[in-house]
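Reviewing the structure listed below.
Keep in mind that the numbers below use all heavy atoms, side chains included, and drop hydrogens, waters and symmetry copies. If you read the sequence from its start, that first residue is 1, and numbering goes on from there. Since we're looking at a predicted model, the values are computed, not measured.
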Amino acid sequence: MNVTVVVGVDYSEASKEALRLAAQEARWRQASLIAVSAYELPISPPGGFPSSAMHTQKEERAAAEAELRATVDHELGDEAGQASVRVSSGLAGRVIIEAAREAHAQLIVLAAHPGRSVMPGTVSQYVLLKARCPVTIVPDESAEEKISRDS
């Protein structure tokens, strides 16, 4: 069975740190790495998707995939080619859980976000409740620095 680490990426600095940590975990575990990102579908007009909206949906997916690949390439450098990317439309928590289940992930890595120092955010809460494997939440160091400055 292939060992897999899944990481949620939302392009925040904290999520880029989570991506780097997930790559490190994948190396240590001799596992494959899947970077996952969610995007929202364009709102369709009443009566369904006209052909122009379907084209927009394809463009949304292509743009999301290109952005995720560029982020992985930038953050992981020479190791980026070993990571696969997955983008799906929908709510981030559901997209991450679906990717983890399909890959039979042994670990999910997520980023904490500024202003949520006491409780994880809604995506993290959802993933923590639904995951079938361990979940690591990477603290946002910039948020900790801000809290210590404000104290």
Side-chain angles (χ1 to χ4, degrees), residues 1-44 48-49 53-144 146-147:
M1 180 197 263
N2 189 20
V3 179
T4 305
V5 174
V6 169
V7 58
V9 179
D10 67 4
Y11 312 108
S12 66
E13 287 306 312
S15 110
K16 291 174 185 175
E17 179 62 30
L19 174 60
R20 292 188 296 272
L21 179 95
Q24 185 177 54
E25 282 289 333
R27 274 194 313 278
W28 288 342
R29 296 168 185 256
Q30 297 180 345
S32 58
L33 175 64
I34 302 174
V36 179
S37 185
Y39 67 95
E40 294 181 24
L41 286 175
I43 297 172
S44 66
F49 285 104
M54 293 300 281
H55 182 68
T56 303
Q57 182 178 348
K58 284 183 178 179
E59 287 178 351
E60 286 289 326
R61 181 178 184 81
E65 194 166 305
E67 183 178 16
L68 181 56
R69 176 45 70 189
T71 299
V72 168
D73 289 349
H74 182 263
E75 295 303 319
L76 302 185
D78 293 340
E79 296 177 11
Q82 298 169 12
S84 58
V85 297
R86 176 178 170 168
V87 296
S88 294
S89 63
L91 299 173
R94 289 184 184 162
V95 167
I96 292 165
I97 289 296
E98 181 182 310
R101 286 187 180 160
E102 287 177 6
H104 304 288
Q106 282 69 45
L107 177 67
I108 299 171
V109 180
L110 302 172
H113 287 285
R116 299 182 189 148
S117 59
V118 178
M119 294 291 293
T122 55
V123 172
S124 298
Q125 286 179 14
Y126 184 86
V127 171
L128 285 167
L129 291 172
K130 300 288 184 177
R132 295 181 180 163
C133 64
V135 177
T136 296
I137 299 180
V138 179
D140 182 357
E141 292 179 10
S142 64
E144 289 176 18
K146 184 180 184 307
I147 290 169

Indicate yes or no for a side-chain donor-acceptor contact from [X] to the backbone of [Y] under 3.5 Å, with no hydrogens or angles considered.
X	Y	result
Gln30	Trp28	no
Thr4	His104	no
Ser15	Asp10	yes
Arg61	Val87	yes

Contact check, side chains of [X] and [Y], non-hydrogen atoms, under 4.5 Å:
X	Y	value
Leu107	Val3	no
Arg101	Lys130	yes
Arg69	Val72	yes

Determine the minimum heavy-atom distance between [X] and [Y], stating which atoms define it.
X	Y	result
Leu76	Ala23	CD2-CB, 3.6 Å
Ala100	Val6	CA-CG2, 3.9 Å
Ile34	Ala103	CD1-CB, 3.6 Å
Tyr39	Ala64	CD2-CB, 3.9 Å
Val95	Ser89	CG2-O, 3.8 Å
Ala112	Ala14	O-CB, 3.2 Å

> Out of curiosity, Ser124 OG to Ile137 CD1, how far, rounded to the nearest 0.5 Å?
Replying inline: 4.0 Å
> Which value, rounded to the nearest 0.5 Å, describes the distance between Ser84 atom OG and Leu68 atom CG?
Replying inline: 9.5 Å
>> Apply side-chain contact (heavy atoms from CB on, under 4.5 Å) to residues Gln82 and Leu33 and explain how you reach the verdict.
In response: CA-CA 7 Å; Gln82 298 169 12; Leu33 175 64; over 6 Å; no
> Of Thr136, Ile96, Val138, which is the lone residue that meets side-chain contact (heavy atoms from CB on, under 4.5 Å) with Leu110?
Replying inline: Ile96
>> If the threshold is 4.0 Å, N to carboxylate O, is there a salt bridge linking Arg94 and Glu98?
In response: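 Looking at Arg94 and Glu98, the cut-off is not met.
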> What's the verdict on side-chain contact (heavy atoms from CB on, under 4.5 Å) for Val7 and Val5, showing C-alpha distance, side-chain angles and the deciding distance?
Replying inline: CA-CA 7 Å; Val7 58; Val5 174; 5.5 Å; no
